[in-house]
Amino acid sequence: APIISIRDLTKTYANGFQALKGIDLDVERGEILALLGPNGAGKTTLISIVCGIANPSGGHVLVDGKDVVKDFRLTRSMIGLVPQELTTDQFETVWNTVSFSRGLHGKKANPAHIEKVLRDLSLWDKKDNTLRQLSGGMKRRVLIAKALSHEPMVLFLDEPTAGVDVALRKDMWEVVATLRRAGVTIILTTHYIEEAEEIADRVGVINGGKLLLVEEKSTLMRKL
Ligand code: ADP
Ligand code: ADP
């Protein structure tokens with residue numbers, strides 16, 4: 001069964017604007033799916049609903065067979081969201097930031113898991129550094145480590161490389177490749193086609209609140 005199953009999902013904001021106009025999408029375990037679309041397409045709205053931090057107007061979202069709309073707290077324990085902005089306390093250490101994040105998700109301490117996450121993200125030798133001592137790229141890795149701290153089933157990256165330079169973008173692509181090898185299921189949004197092509201297995205093109213197509217990367221390039 002797919003890890004995420006979205007059916008006829010709609011969202012109309014209070015001002016009457018229809019941000020999602022009936023989205024159907026399945027995401028398989030272990031795959032990397034990129035949602036590609038211009039600003040205003042509805043990407044963040046879609047991610048927010050699937051992550052249980054916004055309500056849809058209609059339709060269904062199942063994560064591992066569980067209804068996200070009915071039980072968002074459960075969903076949050078199954079999902080890890082990497083936000084666009086760096087919002088973490090700059091005076092805390094990497095180790096504390098990531099292990100506190102696990103506690104905030106209501107999971108009991110598991111230093112072995114925190115160590116694995118930090119090693120996977122090449123943050124292990126920085127574990128005692130405070131965030132302000134890290135480069136921008138390393139800070140972004142900490143955000144990912146936080147989102148993986150509670151062993152989620154799916155990781156969401158909201159525009160992971162919006163507004164970053166070329167070197168940082170390449171670094172982020174490497175991080176995603178590493179996580180793929182570790183078997184993490186990832187959904188990310190982007191408005192860079194090269195990024196979707198570089199890191200995803202499948203690409204969904206979203207515009208005007210509709211999912212126009214979802215294709216294996218190899219067939220996408222022929223259709224665009
Ligand atoms: P994307 O992430 O693809 O840029 P969003 O999901 O952020 O798109 O936004 C989709 C559309 O919904 C945009 O036109 C945006 O202006 C509109 N929108 C987002 N949030 C609200 C809101 N709270 N009220 C009304 N319209 C909104
Ligand atoms: P509440 O606001 O109902 O007390 P929480 O304490 O669970 O909800 O979460 C507070 C805020 O933290 C939420 O509004 C949401 O933005 C964010 N949040 C919580 N869990 C997650 C998660 N798994 N992924 C992303 N954001 C989350």
Side-chain angles (χ1 to χ4, degrees), residues 3-27 31-63 67-69 72 75-76 78-88 136 139-140 143-144 146-147 152 154-166 168-169 172-173 175-176 179 184-215 217 220-221 223-224:
I3 185 83
I4 293 181
S5 187
I6 299 172
R7 289 292 173 274
D8 201 23
L9 189 68
T10 58
K11 175 69 177 184
T12 304
Y13 281 110
N15 65 359
F17 184 81
Q18 256 188 298
L20 297 178
K21 299 175 180 168
I23 303 279
D24 293 293
L25 177 66
D26 284 336
V27 181
E31 84 167 328
I32 315 266
L33 175 79
L35 292 169
L36 176 68
N39 284 328
K43 303 184 296 297
T44 300
T45 302
L46 178 59
I47 280 204
S48 302
I49 294 170
V50 179
C51 290
I53 55 181
N55 281 315
S57 306
H60 296 279
V61 181
L62 301 183
V63 179
D67 193 325
V68 169
V69 180
F72 66 89
T75 311
R76 287 177 194 176
M78 297 192 290
I79 277 173
L81 176 62
V82 182
Q84 281 183 32
E85 269 118 74
L86 305 167
T87 49
T88 302
K139 284 179 188 164
R140 279 174 189 271
L143 287 186
I144 296 176
K146 279 178 72 182
V154 187
L155 186 68
F156 284 80
L157 304 171
D158 196 9
E159 303 248 358
T161 63
V164 309
D165 65 26
V166 178
L168 252 185
R169 180 166 305 151
M172 204 38 68
W173 292 357
V175 169
V176 173
L179 295 174
V184 182
T185 306
I186 300 178
I187 299 179
L188 64 107
T189 62
T190 184
H191 51 259
Y192 301 112
I193 187 159
E194 327 82 79
E195 179 159 289
E197 206 203 352
E198 174 75 23
I199 62 183
D201 301 311
R202 281 196 308 156
V203 181
V205 178
I206 180 166
N207 199 6
K210 288 184 182 159
L211 197 55
L212 302 180
L213 52 91
V214 188
E215 293 284 339
K217 192 167 58 180
L220 175 79
M221 297 319 283
K223 296 207 174 184
L224 289 183

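Side-chain atoms are counted along with the backbone in the values below, which use heavy atoms only and exclude waters and symmetry mates. Order of listing sets the numbers, starting from 1, for every ligand and every atom in it.
Protein heavy atoms are absent from the 4.0 Å sphere centred on atom 15 (C) of ligand 1.
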Audit row: Leu188, Leu35, side chain to side chain contact (heavy atoms under 4.5 Å, CB included) steps and yes/no
CA-CA 6 Å; Leu188 64 107; Leu35 292 169; over 6 Å; no
Would you check, one step at a time, whether the test side chain to side chain donor-acceptor pair (under 3.5 Å) holds for Tyr13 with Thr45?
CA-CA 10 Å; Tyr13 281 110; Thr45 302; 2.9 Å; yes
Would Arg7 and Asp26 satisfy salt bridge (charged side-chain N to carboxylate O under 4.0 Å, His left out), going step by step from the backbone distance to the final call?
CA-CA 9 Å; Arg7 289 292 173 274; Asp26 284 336; 3.1 Å; yes
Let's go through Glu31 and Arg202 carefully: what are the C-alpha distance in whole Å and the side-chain angles of both, what is the deciding distance for salt bridge (charged side-chain N to carboxylate O under 4.0 Å, His left out) to 0.1 Å, and is it a yes or a no?
CA-CA 8 Å; Glu31 84 167 328; Arg202 281 196 308 156; 2.7 Å; yes
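Against a heavy-atom cut-off of under 4.0 Å, Ala19 is close to the following atoms of ligand 1: 12 (O). Atoms of ligand 1 lying under 4.0 Å from at least one heavy atom of Asn39, given by number and element, are 4 (O). For ligand 1 and Lys43, the ligand atoms under 4.0 Å from any heavy atom of the residue are 1 (P), 2 (O), 3 (O), 4 (O), 6 (O), 8 (O). Near Ala41, meaning under 4.0 Å from any of its heavy atoms, are these atoms of ligand 1: 1 (P), 3 (O), 8 (O).
Inspection of the Thr10 and Gln18 side chains reveals no N or O donor paired with an N or O acceptor under 3.5 Å.
Closest to atom 12 (O) of ligand 1 among all protein heavy atoms lies Phe17 CE2, 3.3 Å. Here the heavy atom of the protein found nearest to atom 10 (C) of ligand 1 is Gly40 O, 3.3 Å. Looking from atom 19 (C) of ligand 1 to the surrounding protein, the closest heavy atom is Tyr13 CE1, 3.4 Å. For atom 7 (O) of ligand 1, the nearest protein heavy atom (residue, atom name, distance) is Thr44 CB, 3.7 Å.
Contact between Pro38 and ligand 1 is present, with at least one heavy atom of the residue lying under 4.0 Å from the ligand. For Gly42, the heavy-atom gap to ligand 1 drops under 4.0 angstrom.
Here the closest non-hydrogen pair linking Ile23 and Ile6 is O-CG2, 3.4 Å.
Considering both main-chain and side-chain atoms, Thr45 comes within under 3.5 Å of ligand 1 through a nitrogen or oxygen pair.
Looking at Asn15 against ligand 1, only its side chain comes within 4.0 Å, counting heavy atoms.
A 4.5 Å side-chain heavy-atom check between Met78 and Pro152 finds every atom pair outside the cut-off.
Heavy-atom neighbours of Lys210 NZ from other residues, nucleotides or ligands within 6.0 Å: at or below the threshold of 12. Within 6.0 Å of NE2 on His60 lie no more than 12 heavy atoms contributed by other residues, nucleotides or ligands.
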